[in-house]
Number of protein chains: 2
Amino acid sequence: MLKKKYTIADIATMAGVSKGTVDRVIHKRGKVSKKAHEKITKILKEIDYQPNLVARNLKKNKTYRLLVLIPDPEKDPYWAPCLEGINTASQEFQAFGVMIETFLFDPSSTRSFNARSKEVLKNKPDGVVFVPLFYKESLTFTEYCKKNSITLATFNSSINSNNARSFIGQDLHKSGRVAGGLLHMLLPGKKHLAVVHMDEIYQNAIHMQEKEKGFRDYFDGLEQKHQIITHKIPEKDIRKIRKSVRGFLETYPEVSGVFVTTSKAYLLAEALPETDTRIRLVGYDLIEKNLECLDSGHIDFLIHQNPRQQAYLGVSYLSEYFAFDKKIPDNKLLPIDIITAENYTHYLE
Amino acid sequence: MLKKKYTIADIATMAGVSKGTVDRVIHKRGKVSKKAHEKITKILKEIDYQPNLVARNLKKNKTYRLLVLIPDPEKDPYWAPCLEGINTASQEFQAFGVMIETFLFDPSSTRSFNARSKEVLKNKPDGVVFVPLFYKESLTFTEYCKKNSITLATFNSSINSNNARSFIGQDLHKSGRVAGGLLHMLLPGKKHLAVVHMDEIYQNAIHMQEKEKGFRDYFDGLEQKHQIITHKIPEKDIRKIRKSVRGFLETYPEVSGVFVTTSKAYLLAEALPETDTRIRLVGYDLIEKNLECLDSGHIDFLIHQNPRQQAYLGVSYLSEYFAFDKKIPDNKLLPIDIITAENYTHYLE
DNA sequence: TATATATTTGTGTTCGAGCACACTTTTTTT
DNA sequence: AAAAAAAGTGTGCTCGAACACAAATATATA
């Protein structure tokens, strides 16, 4: 179990050569005779040589510059936990020469994204972790990074680009299914449900669709058929939202459960008529206003996308890649956490 | 932001002394004049000196022996994920000289625990991570470790001993509350519920009680009062369990929701009469048989105690303590994950 | 004042990997 | 066969912290 730790010097002795030659074999630097090469390779395999990462790291003594490009939590509180996750990772890896800096952009402005991403590139980083909110702009960005061999990881949103090494996030389709399962449990027998997309901007469009698909998928798999209405509320003003909700309820008085595909479920809860208690609500994200609604019973379940962990993992993966040559996982799908009024505290940390 | 990394040599130059003197100040080895001490201390503070952990680790070049003492997954599948967690941590930290070995004991036998814990001690480890299933025996164990300055961490179960540095687990009372909240949501208006303790051995007694307390606590906080029955099934044989369940249902035909405080909810599900669908079931732990019951709809919710993560963190905390002098957190309470048929896959990893 | 003793300070080596450079051996060219 | 080029090999220094030991300085004793 506890196998001996071999050093390059050990191997050199075993092979009857000098450590320089062993080093050349390990790093494929060539200039090694066939005979020596074979002998050393064989020994390396036999003892399953693992280089001492500590010594390697010390010798290289390089500092890596890792930049993070995410939406500004001031503009959307959903992103606030990301900063904590980044900080945690930053503290862990600065001892290994990974220097981390964060750049914030306005999630409602492609212009802001472009400006900040340019700044990031001007810094000539070794790696970038970012949230590709805007599809086209993100593609341009990843392409540039590929060309300048800047290692990339994305989280929260995915883009179909093979220029980015790693994606960390959630299976949105499945999370829609989870929401379906929850509403189904809350409302056995009830057959009228609704999917509500609440978002003043439309960059979330693909996400919301994916969630809706999963939701419908769940009910399609059931024997009993359900009526599922889709309703969009692309407003920001609370009065307009109220109006939209009122209209929605009047048109479909039989709807008893609603799945809100964004973090704005609290807006729906607030906009419901005081007297109305027949609506069961499932939404996303542990932002403060949603938690208040959990406590007051206006929202039944929230799905946690764990932005903190997403950011933490994104930064960690790249840091471990730089510091220890660790492989970066292609895809990391986080669990779909189900949150109620009783268990949310532990997810806030 | 990116502050310069100072080395001991840098500080020595700044203070006009040699690196030996700086070293003595840093490690409080004494034999330093008051004047030099003051000067160096001041500089250390000013630049917020952080030693290069990589270099320190390399120099020490020590291997630490970390042993893990947990129940045998062969005897109870609940513990199987722990081995994965331990392996993951082991791979991560062996590069830093932390050698990890696992010892398994029979969770139904104090004798087995004693025998294995003796073996552990015979190995003279630097640290031990263990599950203190048996109270008295665990206290003796921790005491011995304290005396021989073996660093300890516990997970899953806690013992009130200040000889153990760290506990990783769940707030059982809260998890009972969560179960209460879930059953309440599933059964609005229904007022008859039951807590069932299923366990052939009684070492879990305190855990089960704690969970029941939380469960009752939740319903005590509601306006509408509920009838909650407690039922114990200390059997192992499936026929005896069937009989016990039948008796229970006959005595309390109005019960519509059951909270099973152990990982044996599947036994209850199996023992229910085929025709009976009125019982909503909430249990614990993602063991295979429970998952099958989730899929078939016989169990509605499971609470995940995340044994994998518990073991992983236990090992990681001690490893980081040994390798990097990192402080060990006293208490780490993991989130109370709510599991349905739709989201369990992501928790299995 | 000279010598012994205690206190303080400096120097040099080590950990393992990486890499530059010097050195040796083999092969090619004239 | 001698010289030049190429291929292969070995040596020694570096990264930063830790620590043993030597050296220098200060204080106490005869």
Side-chain angles (χ1 to χ4, degrees), chain A residues 3-41 43-44 47-64 94-99 322-326, chain B residues 3-41 43-44 47-64 94-99 322-326:
Chain A
K3 59 189 171 191
K4 195 190 172 316
K5 277 268 181 181
Y6 292 94
T7 71
I8 286 187
D10 292 333
I11 296 163
T13 312
M14 286 189 254
V17 295
S18 75
K19 66 198 184 89
T21 305
V22 177
D23 181 71
R24 273 176 287 256
V25 171
I26 289 172
H27 292 89
K28 299 182 179 121
R29 281 197 243 281
K31 317 211 168 189
V32 178
S33 70
K34 211 171 153 191
K35 213 171 85 188
H37 189 277
E38 271 168 15
K39 201 167 191 177
I40 293 169
T41 315
I43 293 176
L44 286 176
I47 63 168
D48 182 33
Y49 169 69
Q50 300 292 128
N52 184 327
L53 297 185
V54 176
R56 173 176 290 177
N57 192 299
L58 175 63
K59 181 59 189 55
K60 286 200 174 169
N61 199 29
K62 232 186 120 175
T63 59
Y64 301 90
Q94 79 173 3
F96 301 104
V98 183
M99 295 300 156
F322 289 131
F324 309 124
D325 276 321
K326 212 169 157 178
Chain B
K3 59 188 171 192
K4 194 189 174 314
K5 278 268 181 182
Y6 291 93
T7 71
I8 287 188
D10 292 333
I11 296 162
T13 312
M14 286 190 254
V17 295
S18 75
K19 63 201 182 91
T21 306
V22 177
D23 180 72
R24 273 175 288 254
V25 171
I26 289 172
H27 292 88
K28 298 180 179 122
R29 280 197 244 280
K31 319 209 169 188
V32 177
S33 69
K34 211 171 153 192
K35 214 172 83 188
H37 189 279
E38 272 169 16
K39 201 167 191 177
I40 292 168
T41 314
I43 292 176
L44 286 175
I47 63 168
D48 182 33
Y49 170 69
Q50 301 293 126
N52 184 326
L53 297 184
V54 176
R56 171 176 290 176
N57 193 299
L58 176 62
K59 182 59 187 60
K60 286 200 173 167
N61 199 28
K62 231 185 121 175
T63 59
Y64 301 91
Q94 79 172 5
F96 302 103
V98 183
M99 295 300 157
F322 288 131
F324 308 124
D325 276 321
K326 213 170 158 177

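In the text below, chain A, chain B and the rest are named by the order of the sequence lines, each starting its count at 1.
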Subject >> Full working for side chain to side chain contact (heavy atoms under 4.5 Å, CB included) between A:Tyr49 and A:Ile43 >> reply: CA-CA 8 Å; A:Tyr49 169 69; A:Ile43 293 176; over 6 Å; no
Just the rounded figure in Å: distance from [atom2] of [N] to [atom1] of [X].
X: B:Asn52; N: D:dC15; atom1: CG; atom2: C1'; result: 8 Å
X: B:Lys59; N: D:dT14; atom1: NZ; atom2: C1'; result: 16 Å
X: B:Asp325; N: D:dA17; atom1: CG; atom2: C1'; result: 12 Å
X: A:Leu53; N: D:dC15; atom1: CG; atom2: P; result: 21 Å
X: A:Glu38; N: D:dG8; atom1: CD; atom2: P; result: 13 Å
X: B:Lys60; N: D:dC15; atom1: NZ; atom2: P; result: 22 Å
X: B:Lys62; N: C:dG16; atom1: NZ; atom2: C1'; result: 19 Å
X: A:Lys39; N: D:dG8; atom1: NZ; atom2: P; result: 17 Å

Open item on the list: Run A:Thr7 and A:Asn52 through side chain to side chain contact (heavy atoms under 4.5 Å, CB included) and show every step you take.
Closed with: CA-CA 8 Å; A:Thr7 71; A:Asn52 184 327; over 6 Å; no
task: Would you indicate, yes or no, if C:dA17 has its OP1 or OP2 atom less than 4.0 angstrom from a side-chain nitrogen or oxygen of A:Tyr49?
output: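 Looking at the OP1 and OP2 atoms of C:dA17, one of them is under 4.0 Å from a side-chain N or O of A:Tyr49.
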Distance below 4.0 Å between A:Asn61 side-chain N/O and D:dT14 OP1 or OP2: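 Checking D:dT14 against A:Asn61, no side-chain N or O comes under 4.0 Å of OP1 or OP2.
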Practice task
Check DNA chain C against residues 12-28 of chain A and give the residues with a non-hydrogen atom under 4.0 Å, in numerical order.
Solution key: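 Hits under 4.0 Å, by residue number: A:Lys19, A:Asp23, A:His27.
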Over all atoms of both residues, closest heavy-atom pair of [X] and [Y]:
X: B:Ala12; Y: B:Ser18; value: CB-C, 3.6 Å
X: B:Val25; Y: B:Leu44; value: CG1-CD1, 4.2 Å
X: B:Ala323; Y: B:Val98; value: CB-CG2, 4.4 Å

Determine, for A:Asp10 against A:Lys5, whether the closest basic-nitrogen to carboxylate-oxygen distance falls under 4.0 angstrom.
->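 Salt bridge absent between A:Asp10 and A:Lys5.
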Between A:Arg29 and A:Asp23, is there a salt bridge with N-O shorter than 4.0 Å?
->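 Between A:Arg29 and A:Asp23 there is a salt bridge, with a charged N closer than 4.0 Å to a carboxylate O.
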Before we go on, tell me: are the rings of B:Phe324 and B:Phe96 under 6.0 Å apart, centre to centre?
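That pair passes the under 6.0 Å test.
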May I ask you to decide if A:Val17's main-chain N or O and A:Thr21's side chain share a donor-acceptor pair within less than 3.5 Å?
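No; judged by distance alone, with no hydrogens or angles, the pair does not exist.
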So if I take residues 29-36 of chain B and measure heavy-atom distances to DNA chain D, which residues fall below 4.0 Å?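 Heavy-atom cutoff 4.0 Å gives B:Arg29.
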Practice prompt. May I ask you to say what A:Leu58 touches in the nucleic acid, namely base, sugar-phosphate or nothing, with a heavy-atom cut-off under 4.0 Å?
Written response: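 Contact class for A:Leu58: base.
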